[in-house]
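Input: a single structure, listed below in structure tokens.
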Amino acid sequence: MNLSRRTVLAATGALAAGIPPAKLRTTPPAVAIRPGDRRYENLLRGNNFRFAGRPDEIRVATNADQVVGAVSDAVRGDKRIAVRSGGHCFENLTAGPDVRMLLDLGPMNGVGYDERRRAFFVEPGATLGEVYRALFKGWGVTVPGGGCPGVGAGGHIVGGGYGPLSRRYGSVVDHLHGVEVVVADRDGRARRVVATREPDDPNRDLWWAHTGGGGGNFGVVTRYWLRSENMESELPPSPQNMLQHVLFWSWEQLTETSFTGLLRNFGAWHERHSAPGSAYQGVYGILQPSHRSGGTVMLVVQADADLPGIAGRMSEFIAAVTAGTGLTPVFEQRDTLSWLHRMTWPGSGEAGDVVTRRYKIKAGYLTRGYTEAQLATIYRHLTNDSGGPQAGMLLIGYGGQVGAVRAPATAIAQRDAVMKVVYQTVWANEADDATSLAWVREFYRDVYATSGGVPPDGSYINYADADLADPAWNTSGIPAQRLYHGDNYPRLRRIKATWDPRGVFRHALSIE
């Protein structure tokens, strides 16, 4: 039984997609909001208030037919189109000055089960919190997605998707069975196409491109289907409870030796314990040093509370990270929390707050811990006079079952990474843009001074950073697309040429 609230299909779209036209009727076009409408200014910005374009119109779509109509209108009118689901793009990819139509997919937020495909469906406007809640309440299953419940599934999944359960269950796209995508043909005709991972699917390449190729490249995703392979259930079972251990250290007690010891230990542990099948793959840790002006360094460790022996493994992880530092936390607490509460609490993990919503985030993959020179550089930047209290970095545990999939099997190229790292700064006022941007850009550049100012192991496309395409900040000679997609990039280019031959879907970091 299909439980979506929007099941009306247009005949042409259904036939093009290979969907049986069970009950067909035309639908009205998407709501078009133009300058002068009281809604226009409110809908311009996504989560990052640094960016707001001035499109001719904002189309708010509630179903796939309306998406087809919007893409058709954009192509016919030669209007640059950009697509937004949750609005959490870190960069100016949907708000550029040349965007003339902003397509808002927020109302397309259905989550349910498709019996014909034996897979769960997720529409692109559903937030991760809505996905977790619906899958848990209806079936007791989940996907290993991110820990920020306000993020839209639309961009999260196509970029790869990972979170607290990824060391145990892999990337979200390791459970992606299929996609429905609105594409634009060479003659400008917009149509819906379904592509699946089935070996005999003639559209399989289009499915593959959506397993980490990043949003805004090939078309507009209007539906995902999720179904695990080689598992007893169709998706991983949801944990019942999450065990969480939080520690804070004050910068007042930190020396360069103790600080760099924490980072060195965190990296070394992940080098040792991130192989597929590791006894510690259920342990997910984030080490979050703020700038000194922020006051603290935090370690958060999470795991499925019902895994056998997990409490002991979590304690062993914490002991390994703190070994030899001589540090005593100023706050420490271990709790068992309802899994649903932990993963859907409003605002969890968002950058900034209701006022402080300007930010710049840069990122990288790590296949090993930092060098001694890099550790010294990190300490210097986190203790200088130019960083603010909401500046800092995050080291994020990765690896485990993510590495069980070969890099060519999906569009995620960095399957050997054991950590992800985020460098960030958040601020409130436009007047502080230049100072805040300079701090994080110089921090990042100096950490990667020996590799041209960019991470040698590449970066994660969902943590988009337009600086990687700017020769002022990327002096490595390696294009941004190669840093994001590695050896998978040539195949992504071939798929782009096939499915978006007119280059309708593009942005500063898009597939060429």
Side-chain angles (χ1 to χ4, degrees), residues 4 6-7 9-10 12-19 30 59 61-75 81-86 93-94 101 103-105 108-110 114 117 119-126 152-161 172-173 175-198 201-227 410-411 461 491-507 510-511:
S4 172
R6 288 167 288 279
T7 56
L9 305 174
T12 55
L15 293 174
I19 301 171
R59 293 279 185 102
T62 61
N63 58 57
D65 292 340
Q66 292 179 348
V67 174
V68 171
V71 173
S72 295
D73 290 347
V75 174
I81 186 172
V83 185
R84 182 172 69 195
S85 53
L93 306 188
T94 63
M101 181 189 293
L103 181 56
D104 188 326
L105 305 180
M108 296 179 63
N109 63 346
D114 185 333
R117 295 189 182 277
F120 297 90
F121 69 81
V122 173
E123 292 183 333
H156 183 73
I157 296 176
V158 70
V172 176
V173 294
H175 307 269
L176 182 63
H177 173 73
V179 288
E180 178 185 79
V181 191
V182 174
V183 299
D185 292 343
R186 189 173 298 278
D187 61 4
R189 182 172 67 99
R191 62 189 180 98
R192 282 189 289 166
V193 176
V194 169
T196 72
R197 68 182 173 210
E198 298 299 333
D201 188 333
N203 301 328
R204 192 176 190 276
D205 262 0
L206 186 61
W207 162 82
W208 183 88
H210 286 81
T211 61
N217 279 302
F218 309 99
V220 183
V221 176
T222 52
R223 180 163 293 203
Y224 294 101
W225 285 279
L226 298 158
R227 188 178 80 208
T410 68
I461 189 58
R491 183 177 177 185
L492 287 167
R493 290 196 70 181
R494 292 193 296 271
I495 298 169
K496 172 78 168 179
T498 299
W499 290 101
D500 185 24
R502 299 168 64 101
V504 171
F505 304 100
R506 62 189 187 278
H507 51 70
S510 58
I511 307 299

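Fair warning: this is a prediction, and the values are worked out from it, not measured in the lab.
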message: Quick check against the 3.5 Å criterion: does Arg223 have a side-chain atom that pairs as donor or acceptor with the backbone of Glu123?
response: no

- prompt: How far apart are the C-alpha atoms of Thr196 and His177, what are their side-chain angles, what is the distance that settles it, and do they pass the side chain to side chain contact (heavy atoms under 4.5 Å, CB included) test?
  reply: CA-CA 6 Å; Thr196 72; His177 173 73; 4.3 Å; yes

field: Nearest heavy-atom neighbours spanning Ala30 and Ala61
entry: CB-CA, 3.9 Å

- prompt: Got a sec, which residues hit salt bridge (charged side-chain N to carboxylate O under 4.0 Å, His left out) with Arg491, two or more places apart in sequence or on another chain?
  reply: Asp205

Atom of Ala190, atom of Val182 and distance for their closest heavy-atom approach: CB-CG1, 4.4 Å

message: Could you walk me through whether Trp207 and Val194 satisfy the side chain to side chain contact (heavy atoms under 4.5 Å, CB included) test, starting with their C-alpha distance in whole Å, then the side-chain angles of each, then the deciding distance to 0.1 Å, before giving a yes or no?
response: CA-CA 8 Å; Trp207 162 82; Val194 169; over 6 Å; no

field: Over all atoms of both residues, closest heavy-atom pair of Gly212 and Val173
entry: N-CG1, 4.3 Å

With Phe218 via ring pair (Phe, Tyr, Trp, His ring centres under 6.0 Å) - residues at least two apart: His210

message: Looking at every non-hydrogen atom in both residues, tell me the closest pair between Pro501 and Ala184 and how far apart they are.
response: CD-O, 3.7 Å

message: For the CD1 atom of Ile511 and the CG atom of Asp500, what is their distance to the nearest 0.5 Å?
response: 11.0 Å

query: side-chain hydrogen bond (donor to acceptor under 3.5 Å, both in side chains) with Thr410: which residues, sequence neighbours excluded?
result: Arg415

- prompt: If you round to the nearest 0.5 Å, how far is CG of Asp73 from CD of Gln66?
  reply: 11.5 Å

- prompt: How many angstroms lie between atom OG1 of Thr94 and atom CG of Leu103, to the nearest 0.5 angstrom?
  reply: 11.0 Å

task: Take Arg197 and Arg227, measure what side chain to side chain contact (heavy atoms under 4.5 Å, CB included) needs, and give me the verdict at the end.
output: CA-CA 10 Å; Arg197 68 182 173 210; Arg227 188 178 80 208; 4.1 Å; yes

message: Nearest 0.5 angstrom please: His175 NE2 to Leu226 CG, how far?
response: 9.0 Å

message: What I'd like to find out is whether the side chain of Phe505 reaches to under 4.5 Å of the side chain of Val220, using heavy atoms alone.
response: yes

statement: Test side-chain contact (heavy atoms from CB on, under 4.5 Å), reference Trp499, set Asp185, Val181, Val183, output is Val183

message: Please find the pair of heavy atoms, one from Arg192 and one from Ala64, that lie closest to each other, and give the distance.
response: CD-CB, 3.5 Å

field: Side chains of Arg59 and Ile81 in contact at under 4.5 Å (non-hydrogen atoms)
entry: no

message: Set out, in order, the CA-CA distance, both residues' side-chain angles and the distance that settles side chain to side chain contact (heavy atoms under 4.5 Å, CB included) for Val158 and Tyr224, then state yes or no.
response: CA-CA 9 Å; Val158 70; Tyr224 294 101; 3.4 Å; yes

field: Separation of Thr211 OG1 from Ile157 CD1 (nearest 0.5 Å)
entry: 12.0 Å

message: Trp225 vs Asp114, test: side chain to side chain donor-acceptor pair (under 3.5 Å). Steps then yes/no.
response: CA-CA 8 Å; Trp225 285 279; Asp114 185 333; 3.1 Å; yes

- line: Here the pair of heavy atoms bringing Gly214 nearest to Asn217 is O-ND2, 2.9 Å

